[in-house]
Amino acid sequence: MNKKIVHDAMILTAFTLVIGLILGMVYMITKPRIDAANLEAAQKAYKEVFETADSFEALADFDKNEATDYIVSQGYTDSLDDVQVAKDASGNTVGYVITVTAKDASQATITFSVGIQNDGTVNGYSITDIAETPGLGMKAQDADFIAQFRNKLVDAFTVVKNPPASDSEIESISGATITSKAIANGCNAALVYFRDQLGGAQ
């Protein structure tokens with residue numbers, strides 16, 4: 001009886017090792033493709049929010065945890081994932097692309113990149129990950145909603161239910177106020193980091 005238990009245990013262990021080896025090999029094969037796809041998606045998002053930039057360069061010494069801690073200390077629940085320096089053809093800095101993950105959305109987190117010019121003008125945002133309700137929160141990807149954030153030089157965005165009365169007001173997506181606020185808050189967090197940690201509109 002004991003020999004059978006040991007035998008079965010050895011077979012199970014060997015089976016587990018083989019499966020683990022196969023999964024590891026699959027991961028090693030697919031990881032470069034996944035990384036390449038993620039990089040391509042990120043670059044596309046950067047270009048969408050900073051069409052005038054010729055290239056993007058990761059901000060030197062950027063620390064995601066420190067950046068997120070700072071944003072949280074300013075009253076936001078978002079995480080600040082990445083900062084890219086937008087450069088023109090001559091290598092001059094023309095602004096930044098700040099990637100934020102909003103954690104106060106309706107269904108799940110929303111990750112998006114925000115383009116901000118040197119003078120503080122927001123170029124808009126581009127979503128790279130979203131899982132909101134179809135027909136409602138997913139409309140945060142619609143051109144009409146995104147357009148409300150384009151070319152805006154404001155201190156912060158606020159969400160309203162009626163047509164906006166100023167550049168800082170964003171008309172909520174019907175039936176998706178929570179998602180609308182999550183996007184606005186994420187843009188505001190990016191603006192705070194831009195002003196306080198990247199030198200602001202200097």
Side-chain angles (χ1 to χ4, degrees), residues 27-105 109-130 140-141 143 145-157 167 170 182-202:
Y27 173 75
M28 292 301 292
I29 292 171
T30 58
K31 186 177 184 300
R33 296 178 184 176
I34 294 172
D35 289 346
N38 289 338
L39 178 60
E40 183 180 353
Q43 289 292 322
K44 181 181 178 182
Y46 302 157
K47 195 63 178 176
E48 283 183 4
V49 298
F50 229 117
E51 295 179 355
T52 59
D54 186 71
S55 62
F56 302 95
E57 180 181 306
L59 180 67
D61 301 323
F62 174 76
D63 186 297
K64 174 180 176 178
N65 292 328
E66 289 182 1
T68 297
D69 287 344
Y70 182 77
I71 290 303
V72 171
S73 75
Q74 300 303 301
Y76 295 93
T77 60
D78 311 291
S79 67
L80 209 154
D81 305 331
D82 180 68
V83 177
Q84 296 284 322
V85 183
K87 294 181 175 291
D88 63 17
S90 299
N92 299 311
T93 297
V94 291
Y96 299 88
V97 178
I98 301 175
T99 299
V100 178
T101 294
K103 299 181 179 180
D104 53 352
T109 59
I110 304 174
T111 300
F112 56 99
S113 297
V114 183
I116 305 176
Q117 299 176 34
N118 283 338
D119 67 353
T121 299
V122 175
N123 289 340
Y125 68 85
S126 179
I127 294 175
T128 54
D129 185 65
I130 185 172
Q141 298 180 107
F145 185 70
I146 296 174
Q148 296 187 84
F149 293 85
R150 286 202 178 110
N151 301 316
K152 297 293 181 68
L153 181 58
V154 300
D155 291 331
F157 294 103
D167 278 352
I170 302 298
I183 295 292
N185 288 339
C187 288
N188 290 342
L191 279 169
V192 167
Y193 190 81
F194 166 75
R195 286 193 294 263
D196 297 353
Q197 302 297 316
L198 299 178
Q202 296 180 6

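- Heavy atoms only, all atoms of each residue included: V97 and S113 are closest at CG1-CB, 3.7 Å.
- The side-chain contact (heavy atoms from CB on, under 4.5 Å) test applied to S90 returns D88, N92, not counting sequence neighbours.
- Side-chain contact between V100 and Y125 is absent, with no heavy atoms from C-beta onward closer than 4.5 Å.
- Between the CD1 atom in I170 and the NZ atom in K152 there is a gap of 5.0 Å [rounded to 0.5 Å].
- Rounding to the nearest 0.5 angstrom, the gap separating the OG1 atom in T93 from the CG atom in N118 is 6.5 Å.
- The line from CG of L80 to OH of Y70 is 11.5 Å long, rounded to the nearest 0.5 Å.
- Among residues two or more places apart in sequence or in another chain, the side-chain hydrogen bond (donor to acceptor under 3.5 Å, both in side chains) test is passed with Q197 by none.
- I127 and A140 get closest at one heavy-atom pair: CD1-O, 3.7 Å.
- Identified under the side chain to side chain donor-acceptor pair (under 3.5 Å) test for residues 74-85, with sequence neighbours left out: Y46-D82, S79-D81, D81-T101, D82-Q84.
- Nearest heavy-atom pair across A67 and F62 is CB-CE1, 3.5 Å.
- Contact check for V49 versus V114: no side-chain heavy atoms found under the 4.5 Å cut-off.
- Closest approach of A89 to D54, counting heavy atoms only: N-CB, 3.5 Å.
- With rounding to the nearest 0.5 angstrom, the CG atom of N188 is 11.5 Å from the CD1 atom of I183.
- Taking the side-chain hydrogen bond (donor to acceptor under 3.5 Å, both in side chains) definition, one finds that D104 meets it with N185, sequence neighbours left out.
- Interatomic distance, NZ of K103 versus OG1 of T111, reported as 9.5 Å (0.5 Å rounding).
- Take A86 and apply the side-chain contact (heavy atoms from CB on, under 4.5 Å) test, not counting sequence neighbours, and it matches F50, A53, F56, V94.
- Between A189 and I71, the shortest heavy-atom contact is O-CD1, 3.2 Å.
- Residues L153 and D167 have side chains not in contact (no heavy-atom distance under 4.5 Å, counting atoms from C-beta outward).
- Looking at every heavy atom in both residues, F157 comes nearest to A184 through CB-CB, 4.2 Å.
- With sequence neighbours left out, L198 forms a side-chain contact (heavy atoms from CB on, under 4.5 Å) with L59, V83, Y96, I98, Y193, F194.
- For the pair R195 (side chain) and G120 (backbone), a donor-acceptor distance under 3.5 Å is absent.
- Between the side chain of N151 and the main chain of N123, no donor-acceptor pair closer than 3.5 Å is present.
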